[in-house]
Amino acid sequence: MDAIWQSDILFHVNAARAAQGLAPLQWNARLAEAATAHAADLQRCAKLAHEGCDGNQLPQRAARAGYAFRRISENLALCPCDAAAVVPLWLNSEGHRRNLLDPNVTELGADTRLDEADLRRQQWVLVMGRQ
């Protein structure tokens, strides 16, 4: 991890998990690579979706990043906010909450991108998995 927001997202995800008695997740560079590639792709085609601009899906993106997974999930958000605000957004969404609190994942990687043309468009991509 090389950015403060990366430590923050890990901290807030793990705090939410700890509140539910779940084990903390570890940062994984390959998952971060998959998240970064998806964030860049979505920024190119100006959308927020689990499907990439060319139709790619999360399992393909994880494999391209070299992450051999047994379990994989992804949370997305469009929020001009920090990690302290985006994690509660995910916790208030049934599917995102299920992903965050999945006891079968052990690692995460993430990326966040700000649209320089529209500063209200900050996207977050969080990928969680287990090898």
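Nothing here was measured: the structure is a model prediction, and the numbers come from that model.
Trp124 contributes atom CH2, which lies 10.5 Å from atom CG of Leu114 (distance to the nearest 0.5 angstrom). One distance of note links CH2 of Trp5 with OG1 of Thr112; it measures 6.0 Å at 0.5 Å rounding. For the atom pair Leu100 CG and Leu126 CG, the distance stands at 6.0 Å (nearest 0.5 Å). If you take CG on Leu48 and CG on Leu78, they are separated by 5.5 Å, rounding to the nearest 0.5 Å. Taking CD of Gln57 as the reference point, atom NE2 of His38 lies at 8.5 Å (rounded to 0.5 Å). Here CG of Leu31 is found 12.0 Å from CD of Gln26. Values are rounded to the nearest 0.5 Å.
Side chains of Gln123 and Gln43: no donor on one and acceptor on the other come within 3.5 Å.
When the side chain to side chain donor-acceptor pair (under 3.5 Å) test is applied to Glu74, the partners found at least two apart in sequence or on another chain are His50, Arg61. A search for side chain to side chain donor-acceptor pair (under 3.5 Å) contacts involving Asn28 returns Glu107, not counting sequence neighbours. In this structure, the side chain to side chain donor-acceptor pair (under 3.5 Å) partners of Arg113, at least two apart in sequence or on a different chain, are Asp111. The side chain to side chain donor-acceptor pair (under 3.5 Å) test applied to Arg70 returns no partner, not counting sequence neighbours.
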Walk me through it: do Gln131 and Thr106 pass the test side-chain contact (heavy atoms from CB on, under 4.5 Å)?
-> CA-CA 8 Å; Gln131 296 189 64; Thr106 57; over 6 Å; no
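Side chain of Trp27 to backbone of Ala32: no donor-acceptor contact under 3.5 angstrom is found. Without hydrogens or angle criteria, Asp8 side chain to Ala83 main chain gives no donor-acceptor distance under 3.5 Å. At distances below 3.5 Å, at least one donor-acceptor pair connects side-chain atoms of Asp82 with backbone N or O atoms of Ala85.
Between Met128 and Ile72, the closest side-chain pair of non-hydrogen atoms is not below 4.5 Å. Within the 4.5 Å cutoff, the side chain of Leu108 has no heavy atoms near those of the Val127 side chain. At least one side-chain heavy atom of Ile9 sits under 4.5 Å from a side-chain heavy atom of Val86. The shortest side-chain heavy-atom distance between Phe69 and Pro59 falls under the 4.5 Å cut-off.
Annotation for Ser73 and Leu58: closest pair C-CD2, 3.4 Å, computed over non-hydrogen atoms. Nearest heavy-atom pair across Val87 and Ala16 is CG1-CB, 4.3 Å. Heavy-atom minimum distance, Ala65 versus Ala34: CB-N, 3.9 Å. Residues Leu89 and Cys79 approach most closely at CD1-SG, 3.6 Å, considering heavy atoms. Closest non-hydrogen pair, Pro103 versus Leu22, comes out as CB-CD2, 3.8 Å.
Note on Phe11: it does not cluster hydrophobically with Leu91, by side-chain heavy-atom contacts below 4.5 Å among ILVMFWY residues.
Listed by first then second residue, pairs satisfying disulfide bond (SG atoms under 2.5 Å apart) with a partner in residues 22-77 read Cys45-Cys53, not counting sequence neighbours. Listed by first and then second residue, the salt bridge (Lys or Arg N to Asp or Glu O under 4.0 Å) pairs that reach into residues 96-105 are Arg71-Asp102, Glu94-Arg98, sequence neighbours excluded.
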